[in-house]
Amino acid sequence: MTSLPLLRAACHGLPPLTARLEPWQASLLADAERLGRLVDAFGSPLNLHQADPFERNAGALLDVAEARGVELEILFARKANKALAYVERALVMGIGVDTASEAELTQALALGMPSDRLVSTAAVKSVELVRICVAASVPVVVDGADELDRVQAVASEMGKVARVIFRLSGFRVDGAELESRFGIHPADAPALAATIPVPASGKGGLRLEGLHFHLDGYAASHRIAGLGRSLLLADELRGKGHPIGSIDMGGGFPMRYLDDPWEWQAFRSALDEALLGRRPPITHGNAGMGRLAVDGQVAGELGLYPYYQEPVGPEWLAGILDAPSKPARGMSGGTLAQALRSRGLRLRCEPGRSLLDGCGITVARVEHRKRHRDGSWSIGLAMNRSQCATAKPDHAVDPILLRIQEPASRGAAPTPTSRAMPMPTSMAPMEGYLVGARCTESDLLSLRRLRFPHGVARGDLVVFPNTAGYLMHFVETRSHQFPLARNVVLSLGDPGTVTPDPIDDLV
Ligand SMILES: Cc1ncc(COP(=O)(O)O)c(C=O)c1O
């Protein structure tokens with residue numbers, strides 16, 4: 001067993017971005033042989049899941065709401081990770097699931113998730129999807145007049161009442177409206193609601209029972225504006241007889257991947273210095289990831305997730321609920337929590353990434369190393385970029401290198417390095433990039449240049465920390481017909497079990 005600081009020292013960025021790790025992750029990393037056996041058994045890369053942090057993260061949000069007397073319903077945004085382990089845990093915990101596709105919805109229904117704890121927020125809704133929602137009485141979050149029309153048509157065809165929630169956007173913050181491709185403008189919502197007769201007719205009626213928004217970014221002030229405006233609209237629609245029972249504030253609850261704010265600051269400064277040519281590049285091809293040097297200045301927004309930010313999760317939610325709400329007709333202002341409470345409105349939310357904080361790691365095997373003429377190295381992994389990525393340019397935390405002796409059973413001729421035990425002191429330092437199996441120059445597992453002070457050998461394992469939120473599945477492809485990574489769930493305990501997640505038999 002190797003200590004965590006020693007493990008971390010075997011691979012770091014320039015400068016380092018040291019990943020926050022959960023105790024279960026740290027103890028697994030300290031047992032490289034077990035991890036090696038798991039990769040041998042399930043393939044590389046391998047996604048490892050542990051759902052206890054999910055329960056803790058959700059519980060912390062519920063505590064914040066309960067302390068303020070707010071009824072909070074959490075619907076886990078399943079698009080952030082496809083593993084069924086989290087749906088199962090949500091079911092046990094009594095929280096719900098926000099589904100964004102037909103498959104996400106039908107799988108949750110098949111596991112027994114009650115319709116009251118489900119919602120469909122799919123960005124584009126087929127007739128089939130709407131039929132499933134109406135048949136199962138799952139609320140549909142409606143994004144405009146065409147969608148409302150489609151839900152109405154399906155409800156008539158089925159002779160059922162469809163539950164609908166209006167998605168809103170265009171809230172005013174600092175004198176400007178927040179732009180979005182999604183949502184109905186709050187000023188347009190009353191006219192659309194007026195097309196829905198109240199009370200809902202038993203045959204083919206619609207029941208407008210809630211308001212919803214999901215905003216880009218992580219600004220608490222935007223959610224405060226969204227909640228404030230939604231409260232006013234809820235009053236107005238209730239006045240017209242619509243049974244508005246909840247306001248859903250969507251996801252985007254911030255989290256952090258790093259413990260150290262200074263590391264994040266140092267990385268950003270080093271990136272700018274490199275772009276200005278004042279230090280050697282710290283990224284492949286001196287990629288600015290949104291930053292660009294022009295006339296001796298660096299401009300543009302860094303396109304990465306804010307790997308260090310505060311407040312996060314529960315503190316962030318508390319700040320929103322404690323923010324002052326505008327007084328409405330016949331109601332005193334008070335805080336947003338008081339405004340929700342006094343109206344008997346439930347608060348709903350759809351966190352994805354932040355509920356998965358601490359729930360996963362992705363492990364891949366080193367297959368080759370190649371030294372370039374400039375002295376830098378390519379370290380080839382048995383995985384590709386789609387298996388640890390999001391729409392953002394990079395996952396900016398340092399991977400962890402685990403030294404493993406290459407097993408003879410893999411058929412490799414023994415090389416000086418694969419026999420070079422004891423590791424890690426016997427090898428010279430290496431610097432370079434982790435490269436993936438797709439045939440493009442851009443298939444890098446990280447754009448960040450990494451240093452391996454004790455080298456890297458074939459058969460070693462590279463562990464990407466905290467990948468459960470989006471990084472495992474959001475952009476995963478079967479390009480080149482590579483098999484998808486397997487997903488296995490660890491239970492804690494002594495010795496703990498390893499169970500394949502059933503999702504891999506469904507996709
Ligand atoms: C409608 C909706 N709800 C919730 C989420 C989850 O967001 P996050 O994972 O940032 O919490 C998303 C993400 O795209 C979304 O589109």
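Numbering of ligands and ligand atoms starts at 1, following listing order. In this text, all values refer to a predicted model and were calculated from it rather than measured experimentally. Residues: numbered from 1 along the sequence shown.
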Is Arg348 paired with Glu73 through a side-chain N to carboxylate O contact shorter than 4.0 Å? yes

Numbered atoms and elements of ligand 1 in range of Ala77, under 4.0 angstrom, heavy atoms: 4 (C), 5 (C), 6 (C)

If you scan protein heavy atoms around atom 5 (C) of ligand 1, the nearest is His214 CE1, 3.4 Å

Lys/Arg N to Asp/Glu carboxylate O, Asp501 vs Lys82, below 4.0 Å: no

Is the closest side-chain heavy-atom distance between Pro399 and Leu450 below 4.5 Å? yes

Is there a donor-acceptor pair closer than 3.5 Å between any side-chain N or O of Lys125 and the backbone N or O of Ala122? yes

So, regarding Ser354 and ligand 1 (criterion: nitrogen or oxygen to nitrogen or oxygen, under 3.5 Å), is there a contact or not? no

Indicate, with yes or no, if the rings of Phe54 and His49 have centres closer together than 6.0 Å. no

What I'd like to find out is whether the side chain of Ile95 reaches to under 4.5 Å of the side chain of Leu75, using heavy atoms alone. no

Any nitrogen or oxygen of Gly252 lying under 3.5 Å from a nitrogen or oxygen in ligand 1? Just yes or no. yes

What atoms in ligand 1 come closer than 4.0 Å to a heavy atom of Pro351? 11 (O)

Any N/O pair Tyr470/ligand 1 closer than 3.5 Å: yes

Can you name the one residue among Phe474, Tyr470, Tyr307 that meets ring pair (Phe, Tyr, Trp, His ring centres under 6.0 Å) with His395? Tyr307

Would you check the N or O atoms of Glu350, main chain and side chain alike, for any that come under 3.5 Å of an N or O of ligand 1? yes

Using a plain distance cutoff, I'd like to know if Lys79 has any nitrogen or oxygen under 3.5 Å from a nitrogen or oxygen of ligand 1. yes

So do Val87 and Gln107 actually touch side chain to side chain, heavy atoms under 4.5 Å? no

Heavy-atom distances under 4.0 Å are what count here, so tell me which part of Asp98 touches ligand 1: side chain, backbone, both or neither. side chain

For ligand 1, indicate whether the residue Ala80 contacts it via side chain, backbone, both or neither (heavy-atom separation under 4.0 Å). neither

Check ligand 1 against Arg353 and write out every atom of the ligand that is under 4.0 Å from a heavy-atom position of the residue. 8 (P), 9 (O), 11 (O)

